[in-house]
Amino acid sequence: MSFIDRPSPNFGPRRGGASPSLIVLHYTGMDCTEAALHRLCTEEFEVSAHYLVDEAGRVFRLVDERMRAWHAGNGEWGGRPDVNSRSLGIEIANPGDRPYAEAQMTMLERLLQSVMRRWRIPPQGVIGHSDMAPERKSDPGRRFDWRRLALQGLSVWPRPAAGVAPDAGRFGRAAARFGYPQLAGGRQTGCPEALLEVYRQRFRPWGRGPLADADMAGILDLADRFPST
């Protein structure tokens with residue numbers, strides 16, 4: 001695949017000899033691609049990503065994959081912080097309030113296939129920004145088609161299962177086992193509602209209201225099949 005090189009100055013070495021084991025997907029949250037590129041490639045903003053995919057399917061290469069781009073910020077996945085050092089960041093041009101373009105999704109899939117193969121990243125290693133920072137972030141949001149990626153082996157999706165009686169504590173424990181952040185002492189980051197919101201953004205974007213049996217069945221299946229801790 002071809003790239004448009006727009007080098008960003010906002011990167012550094014990966015810490016502790018880390019190499020990518022995660023891919024974090026973001027939306028830009030901006031009105032246009034050029035505005036996003038300006039922000040990602042300007043030193044004063046201190047933010048970047050490895051790639052940006054625009055609505056037309058163009059892929060901009062911003063930071064060398066071997067380097068640590070500044071895209072994830074505070075958060076963790078699977079009980080491990082410094083996600084920047086062990087991930088690759090892909091920005092997707094979208095303000096966050098509209099569907100993702102077909103050409104954009106098609107090119108994102110091609111990019112994911114290439115990156116996952118190169119770094120031997122499994123489907124469960126492809127996560128959203130909201131997954132690793134549920135109190136701070138909501139991207140790539142409810143309009144992003146995670147199931148489409150999962151059907152191609154580019155992410156994961158819960159299997160259909162009978163409902164399980166709602167239990168906030170059990171939901172939180174399963175979420176932690178799947179990879180969602182925890183605080184010191186094993187206490188879940190944020191309230192159960194925050195975890196439920198980021199879970200639904202990705203796996204049940206149509207879900208509303210209190211914790212439901214379908215939410216329980218889904219997180220238990222994911223935690224059993226793809227434990228990260």
Side-chain angles (χ1 to χ4, degrees), residues 1-6 8 11 14 18-29 33 36-37 40 47-72 75 77-78 80 83-94 96 98-133 137-159 178-180 198-199 201-203 205 222 225-226 228:
M1 60 187 302
S2 60
F3 302 100
I4 301 170
D5 285 314
R6 286 284 294 268
S8 172
F11 67 90
R14 295 184 183 274
S19 61
S21 59
L22 297 170
I23 299 171
V24 182
L25 302 184
H26 309 255
Y27 59 50
T28 58
T33 297
L37 285 169
L40 293 165
V47 64
S48 62
H50 294 89
Y51 298 99
L52 183 149
V53 184
D54 77 359
E55 297 92 334
R58 297 181 299 172
V59 180
F60 295 85
R61 182 164 50 191
L62 313 180
V63 174
D64 189 294
E65 290 180 2
R66 295 168 295 181
M67 305 306 290
R68 180 181 183 270
W70 304 341
H71 63 96
W77 185 255
R80 298 173 61 192
V83 173
N84 279 335
S85 285
R86 56 193 186 96
S87 70
L88 294 163
I90 300 177
E91 291 275 356
I92 311 165
N94 189 296
R98 64 195 62 172
Y100 290 76
E102 176 61 31
Q104 187 174 50
M105 290 297 295
T106 298
M107 192 56 67
L108 173 64
E109 290 158 359
R110 290 181 59 190
L111 178 60
L112 284 172
Q113 289 165 358
S114 175
V115 172
M116 292 169 72
R117 181 171 58 250
R118 185 157 49 252
W119 292 99
R120 299 182 180 178
I121 296 173
Q124 61 267 34
V126 181
I127 65 173
H129 201 187
S130 58
D131 292 324
M132 51 141 299
K137 296 296 180 179
S138 60
D139 52 317
R142 289 180 181 251
R143 307 302 293 270
F144 185 76
D145 193 347
W146 283 101
R147 186 172 183 272
R148 170 174 170 157
L149 295 188
L151 289 171
Q152 299 178 69
L154 302 176
S155 186
V156 297
W157 193 260
R159 297 176 299 192
F178 178 53
Y180 285 107
V198 296
Y199 172 81
Q201 283 177 15
R202 180 170 172 183
F203 297 111
L222 292 167
R225 288 194 294 141
F226 307 109
S228 62

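The figures that follow rest on heavy atoms only: side chains count, while hydrogens, waters and symmetry mates do not. All residue numbers refer to positions in the sequence shown, counting from 1. Keep in mind that what you see is a predicted model, and the values were worked out from it rather than measured.
Heavy-atom minimum distance, Gly153 versus Pro123: O-CG, 3.3 Å. Between Ala56 and Ala103, the shortest heavy-atom distance links the atoms O-CB, 3.7 Å. The heavy-atom pair separating Ala93 from Thr28 by the smallest distance is CA-OG1, 3.6 Å. When all heavy atoms of Ser228 and Gly179 are compared, the pair lying nearest together is OG-CA, 2.9 Å. Nearest heavy-atom pair across Pro158 and Leu222 is N-CD2, 3.8 Å. Here the closest heavy-atom approach between residue Leu88 and residue Glu65 is recorded as CD2-O, 3.6 Å.
In this structure, the separation between CZ on Arg61 and CD1 on Ile4 is 10.5 Å, given to the nearest 0.5 Å. With rounding to the nearest 0.5 Å, the separation of OG in Ser8 from CE in Met67 is 11.5 Å. Atom CG in Leu108 sits 8.0 Å away from atom CG in Leu154 (nearest 0.5 Å). We find the CZ-CG distance between Arg68 and Asn84 to be 4.5 Å, quoted to the nearest 0.5 Å. Atom CG in Leu22 sits 11.5 Å away from atom OG in Ser85 (nearest 0.5 Å). Residue Phe144 holds its CZ atom at 4.5 Å from CD1 of Ile92, rounded to the nearest 0.5 Å.
In this structure, the side chains of Trp146 and Pro205 stay at 4.5 Å or more apart for every pair of heavy atoms. When side chains are defined from C-beta on, Pro20 does not count as touching Arg118, because their heavy atoms never get closer than 4.5 Å. Using a 4.5 Å heavy-atom threshold, the side chains of Phe60 and Leu40 count as separate. Looking at heavy atoms from C-beta onward, Arg148 lies in side-chain contact with Glu109 at the 4.5 angstrom threshold.
Below 30°, between 30° and 60°, or above 60°: for Phe203 and Tyr199 the angle between ring planes is between 30° and 60°, a tilted geometry.
Proximity of the aromatic rings of Tyr100 and Tyr27 is defined here by a centroid distance below 6.0 angstrom, and this criterion is not met. Ring-centre distance between Trp77 and Phe178: below the 6.0 Å cut-off.
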Practice item. May I have the step-by-step check of side chain to side chain contact (heavy atoms under 4.5 Å, CB included) for Leu62 and Ser48, ending in yes or no? Key: CA-CA 7 Å; Leu62 313 180; Ser48 62; 5.7 Å; no
Exercise for review: List the steps and the verdict of side chain to side chain contact (heavy atoms under 4.5 Å, CB included) for Phe3 and Leu111.
Suggested key: CA-CA 10 Å; Phe3 302 100; Leu111 178 60; 4.1 Å; yes
Practice item. Start with the C-alpha distance between Gln113 and Gln152, add both sets of side-chain angles, then the distance that settles side chain to side chain contact (heavy atoms under 4.5 Å, CB included), and finish with yes or no. Key: CA-CA 9 Å; Gln113 289 165 358; Gln152 299 178 69; 4.1 Å; yes
Practice item. Could you give me the CA-CA distance, side-chain angles and deciding distance for His71 and His129, then say whether side chain to side chain contact (heavy atoms under 4.5 Å, CB included) is met? Key: CA-CA 9 Å; His71 63 96; His129 201 187; over 6 Å; no
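The pair Arg66-Asp64 counts as a salt bridge, with a side-chain nitrogen and a carboxylate oxygen less than 4.0 angstrom apart.
The local environment of CZ in Arg147 is sparse, with at most 12 non-hydrogen atoms from other residues, nucleotides or ligands closer than 6.0 Å. Atom CZ of Arg80 is surrounded by 12 or fewer heavy atoms from other residues, nucleotides or ligands within 6.0 Å.
A side-chain N or O of Ser155 and one of Arg202 form a donor-acceptor pair less than 3.5 Å apart.
No donor-acceptor pair under 3.5 Å is formed between the side chain of Arg142 and the backbone N or O of Gly96. Between the His50 side chain and the Val63 main chain, no donor and acceptor come within less than 3.5 Å of each other. Asp139 places no side-chain N or O within 3.5 Å of a backbone atom of Gly141 that could act as its donor or acceptor partner.
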